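Computed from heavy atoms alone, side chains included, the values below leave out hydrogens, waters and symmetry copies. In what follows, chains are A, B, ... by sequence order, proteins preceding strands, each numbered from 1. Not measured: the values here are computed from a predicted model.
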2 protein chains.
Amino acid sequence: MSKEGAGVDLDKSLGYLLKEASTALRVAMEEVLRPLGMTVTHYSCLELLAQRPGMSNSELARGAFVTRQSMNVLLQALERDGYVARPAEAAVGKVLPAQLTPRGRQSLEEASAAVRAVEVRMLAGMTENEQESAFRALRSMIHSLRGPA
Amino acid sequence: MSKEGAGVDLDKSLGYLLKEASTALRVAMEEVLRPLGMTVTHYSCLELLAQRPGMSNSELARGAFVTRQSMNVLLQALERDGYVARPAEAAVGKVLPAQLTPRGRQSLEEASAAVRAVEVRMLAGMTENEQESAFRALRSMIHSLRGPA
DNA sequence: CACCGTATGTCAGACTTCTGACATGAGCAA
DNA sequence: TTGCTCATGTCAGAAGTCTGACATACGGTG
C-alpha cells in the first residue's frame with residue numbers, strides 16, 4: 001500500500017475535492033435510502049414532485065441531473081408501482097404533468113427525513129457564515145462552468 | 001414550462017447545490033475530453049497513474065471514486081489499448097502495480113491541459129481567499145459525512 | 001397560411017457501473 | 001504451526017444511464 005508519493009496536486013485541486021465531496025454525499029444518501037428500498041434518483045424525483053407538483057418528465061430530468069430518457073425509465077417504474085400518477089394523454093401539447101400519489105407522498109416522508117439528517121450531518125461543524133460562503137462559491141463555480149462553452 | 005412554483009427549498013440546499021456543481025464540472029470535462037476520445041474515469045485513471053506510478057487497481061478505484069470492479073474493466077481496456085502496463089504476475093501478494101506507457105503519457109498530456117483549462121474556468125471570478133475557504137468547506141463536509149456512519 | 005427551429009415523450013440498443021461471489025495472499029493472534 | 005481477519009484481483013450477472021433516433025407539438029418568422 002504505497003500511500004506516500006509525490007506531492008500529488010490532486011490534493012490541491014478544487015475540482016477533485018468537489019467530486020470527492022459529491023461522492024461522499026451520494027454514498028451517505030445511498031446508505032440511508034437503501035433500507036427504504038430507494039435509490040438517490042428515485043428519491044430526487046419524488047422530492048422534486050413534492051415541491052413542484054405537475055412537473056413534466058423533461059423538467060424532472062433536468063432537476064435530477066439525468067437525461068430525459070433515464071428519467072422516463074424511472075417514471076414508468078414509479079408509475080407502475082403506484083408512487084406517481086400521470087394522465088394518459090396530454091391536455092395540451094405532449095407534456096404529461098406528473099403528481100405524487102398518496103403512497104408516493106408517504107414513501108417520500110421517511111426518505112426525506114433520512115436525507116435531511118444526512119445534510120445536517122454534512123453541515124455539522126460549519127458556521128452559518130461558512131455555509132453561506134460555501135453556497136456562494138458553488139453558485140459561482142456553476143455559473144462559470146456553464147457560461148463560456 | 002412552469003418555471004415558478006413554491007419557494008422550493010432545494011434552492012437553499014447545499015447538498016443539492018453540491019450535486020449541481022459536480023454535475024456541471026463533469027459535463028464540462030466530458031465536453032473537452034470527448035474530442036480526445038476519453039471519458040472522465042479514463043482520464044482520472046491516467047492522471048492518478050502519472051502522479052503516483054505503481055498504483056494498484058484497488059487504489060486507482062478509490063482515487064477515481066468507483067468500485068474496484070469498475071476500475072478493473074477500465075484497466076483491462078487501457079492495457080489492451082496500450083495506455084497502461086501491468087506485470088503478468090505479482091512480485092508479492094496479488095497486487096499488480098500499474099504504470100503509464102509512453103503512449104499513455106502522451107495521451108494524458110493533451111487531456112490534462114484541457115482539464116486544467118476547465119478548472120481554471122470554474123475558478124474564474126473567485127478570489128484566492130474565496131477558493132481557500134471553499135476548499136476548507138468541502139474538506140469539512142467530506143470529513144463530517146464519512147465520520148459518524 | 002406555410003415553414004423552420006426548438007422541445008417533448010418514447011423506443012431501442014449499447015455502454016458503464018454496480019452488486020454478489022469466489023479464490024488467493026498478507027498480517028496478526030492464539 | 002493453525003486459524004482468523006482483511007484486502008486484493010477477477011468473473012458473472014443485474015441495474016442504471018447514456019447516445020441515437022423518431023414522431024409529434026408548440027412558437028415564432030417568412
Please produce a list of atom pairs where a protein N or O lies less than 3.5 Å from an N or O of nucleotides 1-4 of chain D.
none

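Between B:Q76 atom CD and C:dT17 atom P there is a gap of 14 Å when expressed in whole angstrom units.
A donor and an acceptor atom, one from each side chain of B:T41 and B:S44, are nowhere located under 3.5 Å apart. Side-chain contact annotation: A:S112 with A:R116, donor-acceptor N/O pair under 3.5 Å present.
In this structure, A:E89 does not pair ionically with A:K94, as no charged nitrogen and carboxylate oxygen lie closer than 4.0 Å. Using a cutoff of 4.0 Å between basic side-chain nitrogens and carboxylate oxygens, B:E47 and B:R52 are not scored as salt-bridged. Salt bridge annotation for A:R136-A:E132: present, with a cationic side-chain nitrogen under 4.0 angstrom from a carboxylate oxygen.
Using a 4.0 Å cutoff on non-hydrogen atoms, the parts of residues 34-44 of chain A near DNA chain D are A:T41, ordered by number.
In this model, the phosphate group of C:dT17 is not approached by any side-chain N or O of B:T67 to a distance below 4.0 Å at OP1 or OP2. For A:S56 and C:dT8, the shortest distance from a side-chain N or O to OP1 or OP2 is not below 4.0 Å. For B:R86, a side-chain nitrogen or oxygen approaches OP1 or OP2 of D:dT10 to under 4.0 Å. Between B:N72 and D:dG9 there is no side-chain polar atom (N or O) within less than 4.0 angstrom of OP1 or OP2.
Of the residues near DNA chain C, A:L96 and B:V73, the one whose nearest nucleotide (by heavy atom distance) lies more toward the 5' end is A:L96. Judged by closest nucleotide on DNA chain D, B:V95 is the one of B:V95 and A:S70 placed further toward the 5' end.
Using a 4.5 Å cut-off between side-chain heavy atoms of Ile, Leu, Val, Met, Phe, Trp and Tyr, with links allowed through other members, B:L60 and B:V95 fall into different hydrophobic clusters. One hydrophobic cluster holds both A:V40 and B:Y16 under the rule that ILVMFWY side chains link at heavy-atom gaps under 4.5 Å. B:L75 and B:L96 end up in different hydrophobic clusters when Ile, Leu, Val, Met, Phe, Trp and Tyr side chains are linked at under 4.5 Å.
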- Note on the structure: With sugar-phosphate taken as primed atoms, P, OP1 and OP2 and all else as base, the protein-contact string of nucleotides 20-28 of chain C at under 4.0 Å (heavy atoms; B, S, -) is BB-BBSS--
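Residue-level contact check: A:S58 touches the backbone only, with heavy atoms under 4.0 Å from sugar-phosphate atoms and none from bases.
Within a 6.0 Å radius of CD in B:E30, other residues, nucleotides and ligands contribute more than 12 heavy atoms.
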